[in-house]
Amino acid sequence: YGIDREHVEKVMSYCESIFMALSKRFGLSKFDLVLLKIAAIYSATGLYININDYNIYSYNITKANKLLGLSNKDNEIISLVVLFQNGIFDTEEYRYISKSRKLLVAKLASILSLAIAIDYEHKQKVERIRVSLKNGEIIINAYTDRDITLEQWQFNEREEFFEDVFGIPARLKTKNL
């Protein structure tokens, strides 16, 4: 599907860093991290078909290509995380999943959304991030020597989704290398 491998690797790395800072406090398991990383791989596959509403195309690709070794439930979670990475849940699919699955999907999708924002231009401008949970907010220090104005804007646009899900704000702070 012509995915940008370097972008996917960065997004997976950012997902893991954010996830690890949240996992204990919000009841996320190591297996949930596996599902999140798989969703990160699939998250942009729909761009191959159409840049508009690519999350829907990514969802369809993910749903049609079930991964062996994962249960139907796990495959469904991955597909839904890909679909809802933009924070919009007004679809038929969302209405038919259990409450506990809805919460897990929302948590993973909001983490994925922030991670994608940090590499929004697919240029790997942020070398690494360091994530901490302090004073009731998640602080993401982005280490870079480049201008990340667009990434900061995208992060700010997606932060409300994250805060709605986790109940805490997220802040992206730039740190020089």
Side-chain angles (χ1 to χ4, degrees), residues 3-44 55 58 62 70 74 77-89 94 99-177:
I3 64 167
D4 180 345
R5 197 176 292 282
E6 291 173 345
H7 170 71
V8 168
E9 288 173 4
K10 276 293 185 188
V11 169
M12 286 188 346
S13 171
Y14 301 155
C15 279
E16 183 170 4
S17 295
I18 297 167
F19 181 96
M20 294 309 290
L22 298 166
S23 61
K24 287 181 185 172
R25 181 171 175 186
F26 293 97
L28 295 166
S29 71
K30 289 181 181 183
F31 189 70
D32 295 335
L33 177 58
V34 171
L35 299 177
L36 176 59
K37 285 181 166 185
I38 295 169
I41 293 168
Y42 276 105
S43 65
N55 62 307
S58 297
T62 307
L70 293 178
D74 296 335
I77 289 169
I78 293 165
S79 298
L80 292 170
V81 169
V82 168
L83 178 62
F84 301 129
Q85 64 183 287
N86 61 2
I88 299 171
F89 290 90
Y94 190 69
K99 198 172 195 173
S100 63
R101 239 186 270 177
K102 282 180 184 176
L103 183 57
L104 177 60
V105 166
K107 287 177 181 178
L108 299 182
S110 67
I111 293 169
L112 177 60
S113 183
L114 290 185
I116 290 169
I118 298 169
D119 192 38
Y120 188 71
E121 285 191 275
H122 293 228
K123 293 184 178 178
Q124 297 78 52
K125 293 191 278 183
V126 174
E127 186 174 304
R128 69 185 186 284
I129 64 171
R130 196 166 135 220
V131 185
S132 59
L133 191 54
K134 291 182 184 173
N135 302 323
E137 65 181 3
I138 192 106
I139 306 294
I140 302 173
N141 291 310
Y143 292 87
T144 185
D145 57 2
R146 298 170 69 185
D147 179 17
I148 61 165
T149 302
L150 183 58
E151 287 75 11
Q152 183 72 59
W153 173 72
Q154 272 300 304
F155 187 93
N156 293 342
E157 288 288 309
R158 297 161 186 242
E159 190 277 334
E160 183 180 354
F161 170 35
F162 179 87
E163 188 170 357
D164 286 347
V165 172
F166 285 97
I168 58 172
R171 304 288 177 248
L172 181 64
K173 296 183 177 183
T174 305
K175 299 286 185 180
N176 291 326
L177 289 173

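Since the model is a prediction, treat every value here as computed from it, not as a measurement. Computation of the quantities below employed the complete heavy-atom set of this structure, encompassing side-chain atoms and omitting hydrogens, waters and symmetry-equivalent molecules. Residues: numbered from 1 along the sequence shown.
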So which heavy atom on [X] is nearest to which on [Y], and how close?
{"X": "Ala170", "Y": "Phe162", "answer": "CB-CD2, 3.7 Å"}
{"X": "Phe166", "Y": "Phe26", "answer": "O-CE2, 3.5 Å"}
{"X": "Ile78", "Y": "Leu70", "answer": "CD1-CD1, 3.6 Å"}
{"X": "Val11", "Y": "Ala40", "answer": "CG1-CB, 4.0 Å"}
{"X": "Leu36", "Y": "Cys15", "answer": "CD2-CB, 3.8 Å"}
{"X": "Ile41", "Y": "Ile3", "answer": "O-CD1, 4.3 Å"}

Checklist entry - Between Ile138 and Glu163, is a side chain to side chain contact (heavy atoms under 4.5 Å, CB included) present by the stated rule, with each step listed? => result CA-CA 10 Å; Ile138 192 106; Glu163 188 170 357; over 6 Å; no
What distance do [X] atom [atom1] and [Y] atom [atom2] have between them, rounded to the nearest 0.5 Å?
{"X": "Ile18", "Y": "Leu108", "atom1": "CD1", "atom2": "CG", "value": "12.0 Å"}
{"X": "Leu28", "Y": "Leu33", "atom1": "CG", "atom2": "CG", "value": "9.0 Å"}
{"X": "Ser13", "Y": "Ile118", "atom1": "OG", "atom2": "CD1", "value": "9.5 Å"}
{"X": "Ile140", "Y": "Thr174", "atom1": "CD1", "atom2": "OG1", "value": "11.5 Å"}
{"X": "Leu172", "Y": "Arg158", "atom1": "CG", "atom2": "CZ", "value": "12.0 Å"}
{"X": "Lys107", "Y": "Phe19", "atom1": "NZ", "atom2": "CZ", "value": "9.5 Å"}

Should we say atom [atom1] of [X] is surrounded by more than 12 heavy atoms from elsewhere, each under 6.0 Å from it?
{"X": "Lys123", "atom1": "NZ", "result": "no"}
{"X": "Glu157", "atom1": "CD", "result": "yes"}
{"X": "Arg130", "atom1": "CZ", "result": "no"}
{"X": "Tyr120", "atom1": "OH", "result": "no"}
{"X": "Glu137", "atom1": "CD", "result": "yes"}

Checklist entry - Which of these passes side chain to side chain donor-acceptor pair (under 3.5 Å) with Asp119: His7, Gln154, Lys10? => result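 Among the candidates, only His7 passes.
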Taking [X] for its side chain and [Y] for its backbone only, find out whether a donor-acceptor pair lies under 3.5 Å.
{"X": "Glu127", "Y": "Tyr143", "value": "no"}
{"X": "Ser113", "Y": "Ser110", "value": "no"}
{"X": "Lys125", "Y": "Asp147", "value": "yes"}
{"X": "Gln85", "Y": "Ser43", "value": "yes"}
{"X": "Asp32", "Y": "Ser29", "value": "yes"}

Next on the checklist: Run Glu6 and His122 through side chain to side chain contact (heavy atoms under 4.5 Å, CB included) and show every step you take.
Outcome noted: CA-CA 8 Å; Glu6 291 173 345; His122 293 228; over 6 Å; no
Validation row: [X], [Y] side chains within 4.5 angstrom (heavy atoms):
{"X": "Val131", "Y": "Met20", "value": "no"}
{"X": "Leu133", "Y": "Arg25", "value": "yes"}
{"X": "Ile148", "Y": "Phe155", "value": "no"}

Item to check | Candidate pair Ile77 and Val105, rule side chain to side chain contact (heavy atoms under 4.5 Å, CB included), full reasoning | outcome: CA-CA 6 Å; Ile77 289 169; Val105 166; 4.3 Å; yes
Checklist entry - Does the side chain to side chain contact (heavy atoms under 4.5 Å, CB included) test come out yes or no for Trp153 and Thr149, once each step is laid out? => result CA-CA 6 Å; Trp153 173 72; Thr149 302; 5.7 Å; no
Next on the checklist: Whether the Asn55 and Ser58 side chains hold a donor-acceptor pair (N or O, under 3.5 Å, no angle test) is what I'd like checked.
Outcome noted: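 No.
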